[in-house]
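Below you will find the structure I want to go over with you.
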Amino acid sequence: MSIYDTLNAEQQKAVFRTEGPVLILAGAGSGKTRVITHRIAYLIDELGVNPWNILAITFTNKAAGEMRERVDKLVGFGAESVWVSTFHSMCVRILRRHIDLLGYQNSFAIYDTDDQKSLMKEVMKSLNIDPKMLKERTILSAISNAKNELSSPLHYREEHQNDYTEKQIADAYDEYQRRLYKNNALDFDDLLMKTVELLTSHDEVRENYQNRFRYIMVDEYQDTNTAQFEIIRLLSGKYRNLCVVGDDDQSIYKFRGANINNILDFEKVFPDAMTVRLEQNYRSTQNVLDAANAVIKNNVNRKSKSLWTDHGAGEKIRFRQFDTAYEEARFIAEDIEDQVSRNSRLNYSDFAVLYRTNAQARVLEERFVLASIPYNIVGGTNFYARREIKDLLAYLKTIDNGVDDIAVERIINVPRRGIGQTTIARLQEYALQNGLSLFGAMERAGTIQSMGRTSVKIKPFVDLISSLKTYAQAAKPSDVLKRIIADTGYVEELKDSDEEDAEDRISNIDELISKVTDYEESVIEGVPTLSGFLEEVALVADIDQVEGGEKVLLMTLHSAKGLEFPYVYLAGLEDGVFPGEMTIQSGDEEEMAEERRLAYVGITRAKDVLTITCAKSRMLRGETRYNPVSRFVREIPAELMDSAPAKKSWHFDDDDTPFADYDGGADSYRGYGSSGSYGGSAKGASSYYGDGGRGRKGNEGYENTRGYGSVAYMDRQNNYDRSRGSYGGGSGPSAGSTGSGRRLKATYVKPHTAEEKKPFIARANDSHARTSSLGGSGRMGGLAKGADIVGAAPDYGPGDRVMHVKFGEGTVKAVEQAPRDYKVTVDFDEFGTKVMYAGFAKLEKL
DNA sequence: GTGCCTGCTCACGGG
DNA sequence: GAGCAGGCAC
C-alpha cells in the first residue's frame, strides 16, 4: 500500500496530474494541504524530480513551515531543497540577489506601514499637499492599488488626468517612489512589483528562474493579486507546470488587491488546464457544513460547489444572543471553562474565538483574565510595532542601511540628545541641496553654516553610529543589538524613568534579543546578517508569531484562514459589526459578498462544535450601538441551530427604547437557558464587572498570556493615564463618568420578562458581593479604573499580604505618596520585588 | 528644545 | 476610544 492510497479519487487525480496547468478547487477542509504535500512527494519519489526544481508558495510563513515539515515526513530526503515560501519572502530572496540590476543596493530596507506613513508625510510636505484635503492614507492606498495592478508612476499619471486630486496623487506616487529609491527602501507592494520588473526586463534572470522552477504550486490562489499572478506566470513560463489550489468562496483579501478573477478566469488564461474539484470535507460535521453552504449560496458569481462529509450531523450550531458585549464575552469564557472542566480530553487549545475586528478582542481578553483561562491573542498590536522595539530596529536599520532616512529620523533624538525639529529640518535641507542622506549631512554637520552650536550635539550621534557600524562588520546581530542597548543607555533610561510600563518595555527588549538569537540559530545556509534579521521581522505575519501551548486562541476571521479547531466561537455576529457598518452602508454587492465569504471561512473553521454569539448593544468607538442579529446568522436554516434568532429584526426606536420591536428574544433565551451551562444569567445590566472568575484567582491563566495581547493592554492603560484628567480626577468612586461600562449601565435597559429576570437577580447579587473586593481587577473597562484609582489611600500597608492579578501573592514592603497616586513596593512570592502604582496594580488585601 | 494640554479626526481586515 | 498635530508655557 502506498501513501497515495489514502487519498480519495479526486485528490489522486490532482496529485498524479503533474504536467501542465492544473486548477484545484478545494473546498474548506477538503485536504488541499495533503494534496500539495503528496504531490511534492510524488514528484520527488516517483518521478525523480530534483527537489530543487520545485517551488511551493503558501500564504504565511507558518503555513510554509508546516508544509515543509509534512513533505519532510513523506519523502525520504531532499525536502529541505524544495523552495517553500510566501510570495513576499520569495521576492525578497530574488531581489536580494539581483536588485542591483534595477539600480538599488542589495541591502535594501523593507518599509512597513508606519515607515510608509512617515515617508508619505514628508512627500506631502514637499509637494505642498494639504493633509486636510487629501489624507495620507488615501494616497498610500491609491499607490498600493496601483502597484498591485503593476501601474508605474508614469503609467498612473497617464491614466489619471481627470481631476486635481488624481494629479496630486500621481505627483505623490512619483515623489514617494523617488524617495524610497533614495532611501534604498522598498515597501511591501514594491517587493512584488520590483520582482515583476526584474523578471520582465532581465531575460537572463527570468530564464534562470524559469529553468529552476520546473514545478510550481500556489496555495490560497484565490487571494493572489495581479502582481502575484504575473510573477507566477513569468516563473512558470517555460515548463508551464503550474498547479494552483484555491477556493473562490474563501477569497477575503480584496482590500489588499486580491483579484478573484485570477481563480475564476484560470481556465480562460490556461485553456489546457485540468480542473479538479475537492468537495468532500474531512474537517467538520454535516451541520456545520450545511450552515456554511446555506450562507455562501447567497453569493452569486461563484464556482458552485457543495461540501459534504461522512462524519454525520453532529451537534447543532449553538446560537446565543446577549444584551451586551460584556455578557457575550463572559459567556464565551465561562462556556470554554465549562467544557474543559467537564471533558478531560479537551484542552484549551481546542478552542478558538473569532471576531471581525481586533477591537473586539479587548472585552474578551478581560473576561479571559478574570476567568483565569490561558489565551493568546493573534495580532492586534504587533510586537514589532511597539515603540521600544521600533526604536531599536531603527538603530539596526541605520547601521545596516546607512541611507534610510526614516530610520535615522526615528532615533536621531532617542534617547534625548537635544536635537529637535529645527535642527532636523536644517539637516534635511542641507542633505537635499547636496544630494546626501540625512546621516550623510550629519557627518558633515560641523561644516554646515546654519548649524551653529547645535552641531556639537550631533557629533556624538554620528560617532556612535560609526563605531556601531564598524563593530557590526564582524559581530553577530545579537551582539550588535546588545551593544546598541549598552551604548545608548536605552534600558538604563527606561529603568530610571517613571513610565508605568517601563518594566514591560524592558522585557520586550529582552524578548527582541532572544528573537535575534533565535534567528541566528535558525540560519542554516550562510551567516546570520542584520539584513537577514530585519527582513524576517518585516515579513512576519501575525499568525506566524503564535506559539503553541494549551491556550485558547483569539483572532480575527482573516487570521483564522487555513486553521481549524474542534470548538469555534464566532463572536459579534451583528449587522454593523459583521457585516460591518461600512459594507452595509455602501450597498456594494461585491463588498457584501466578500463579507459573506468571510463568514463562510469562519463557519468552516469548526470541526465539532460551532457557537455563534452576538450582543444587542455594544460599545463601538466610544458610543453604544444597538445592532440586530447578523444577516449571515439569519441565512442559516433554523433547524440547524439549537435556538434561532428572531425572524423579524428589531431596531432602535425613536423614543429611545432599545429593542422595542424585538419580538424573538424569548426564543433565543429559551435556547440559551436550556443549554444549562450558563444558568441563564445573560440578563443583568449591572453584573458585568462583578464576577471574579468564580473565585479562582490563580495567576496561571494570566501569566501564560504574556504575549502581545496583554502587553498591548499596558499601552492603552498608559494612554488612559495621559488622557485629560479622568484619571485621578478626584470625582469619587461613584462618579466614574468616564467609565464606558458605567455609561452603558445608565442608559440601559429593562429585562424583557419577569421569567428572564429571575436568574439575573440571583446572579447579580452574587456578583455585587464580589465587586467590592475583586471588581477593581477588571483590567480594561474604563469603569474599573475610573472607580478605583481615585486618590484615596490604599487599604493595605507595609506588612500586609496582597494579591496581584498577574504576580500572585506578596507582602507589601512600602507605600509612599507619589504625585498622582500611591507607589507601592511589594515583594511577590514568585516574582520578586516590584514597585507599582496602587491605582493600576489593583492589589487586593488578603 | 521639551512637556503638557486640548481639540480634531478617524474608524475593518494585513504581508 | 485613541492617536496626533498644534499651541502654549517653561
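Here is how names work: the chains are called A, B, and so on, in the same order as the sequence lines, proteins then strands, and each is numbered from 1.
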Let me know the distance between CD of A/E536 and P of B/dG15, rounded to the nearest Å.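 Value for this atom pair: 15 Å.
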For A/D544 and for A/R417, locate the closest nucleotide of DNA chain B by heavy-atom distance; then report the residue assigned to the nucleotide nearer the 5' terminus.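 Comparing both residues, the 5'-ward one is A/R417.
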Who are the side chain to side chain donor-acceptor pair (under 3.5 Å) partners of A/K121, not counting sequence neighbours?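 With neighbours one apart ignored, the set is empty.
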By centroid distance (under 5.5 Å) and plane angle (under 30°), are A/Y253 and B/dG14 in a stacked arrangement?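 According to the criterion (under 5.5 Å, under 30°), no, A/Y253 does not stack.
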Distance check needed: C/dA5 P versus A/M124 CE, whole Å only.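 Rounded to the whole Å, the gap is 11 Å.
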Let's see if you can work this out: which of B/dG3, B/dG15, B/dG13 has an atom nearest to the side-chain heavy atoms of A/F188?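 Closest of the options to the side chain of A/F188: B/dG15.
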Near A/E589 CD, under 6.0 Å, is it more than 12 heavy atoms from other residues, nucleotides or ligands?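 No.
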Could A/R356 and A/E595 be called an ion pair, given the rule that one side-chain N must be under 4.0 Å from one carboxylate O?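 Salt bridge between A/R356 and A/E595, a charged N being under 4.0 Å from a carboxylate O: yes.
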Checking contacts here: which listed nucleotide (B/dG15, B/dG13, B/dT2) is nearest the side-chain heavy atoms of A/R256?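 Selected nucleotide (nearest to the side chain): B/dG15.
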Between A/P131 and A/T423, name the one whose nearest nucleotide on DNA chain B is closer to the 5' end.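 Nearer the 5' end of the strand: A/T423.
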Rounded to the nearest angstrom, tell me the gap between atom CE in A/M555 and atom P in B/dG13.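 Roughly 15 Å, once rounded to whole Å.
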Identify the pairs formed between an N or O of the protein and an N or O of nucleotides 8-10 of chain C at a distance under 3.5 Å, and give each distance.
none

A/T556 and A/S559 side chains, donor-acceptor separation under 3.5 Å: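 Yes, A/T556 and A/S559 have a side-chain donor paired with an acceptor closer than 3.5 Å.
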At less than 4.0 Å, is any side-chain N or O atom of A/T113 found next to OP1 or OP2 of B/dG15? Yes or no.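 False: A/T113 side-chain N/O out of range (4.0 Å or more) of B/dG15 OP1/OP2.
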Gap between atoms CZ and P, on A/F87 and B/dG15 respectively (whole Å):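 Checked: the CZ to P distance equals 15 Å.
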Ignoring backbone atoms, test whether A/R625 places a side-chain nitrogen or oxygen under 4.0 Å from the OP1 or OP2 oxygen of C/dG1.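 Checking C/dG1 against A/R625, no side-chain N or O comes under 4.0 Å of OP1 or OP2.
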Suppose we call a contact any N or O donor and acceptor under 3.5 Å apart; does that hold for the side chain of A/D189 and the base of B/dG15?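 Indeed there is one.
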Once you round it to whole Å, what is the distance between C1' of B/dC12 and OH of A/Y355?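 Rounded to whole Å, this separation is 13 Å.
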Quickly, which of A/N225, A/T224, A/T226 forms a side-chain hydrogen bond (donor to acceptor under 3.5 Å, both in side chains) with A/N262? Name it, please.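 Among the candidates, only A/T224 passes.
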Figure out the OH/C1' separation between A/Y111 and B/dG15, and round it to whole Å.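 Taking OH of A/Y111 and C1' of B/dG15, I get 18 Å after rounding.
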Identify which one of A/T423, A/I458, A/I448 satisfies the side-chain contact (heavy atoms from CB on, under 4.5 Å) criterion when paired with A/M442.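 Testing each of A/T423, A/I458, A/I448 against A/M442, the sole residue satisfying side-chain contact (heavy atoms from CB on, under 4.5 Å) is A/I458.
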OP1, OP2 of B/dG1 versus side-chain N and O of A/T422: anything below 4.0 Å?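 Looking at the OP1 and OP2 atoms of B/dG1, one of them is under 4.0 Å from a side-chain N or O of A/T422.
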May I have the distance from A/N358 (atom CG) to B/dG13 (atom P), rounded to whole angstrom?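 Taking CG of A/N358 and P of B/dG13, I get 5 Å after rounding.
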Rounded to whole angstroms, how far apart are CG on A/L570 and C1' on B/dG13?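 Whole-Å distance recorded here is 16 Å.
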Where at least one partner belongs to residues 411-427 of chain A, residue pairs that pass salt bridge (Lys or Arg N to Asp or Glu O under 4.0 Å), sequence neighbours excluded: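 Checked against salt bridge (Lys or Arg N to Asp or Glu O under 4.0 Å) - neighbours excluded - no pair reaches residues 411-427 of chain A.
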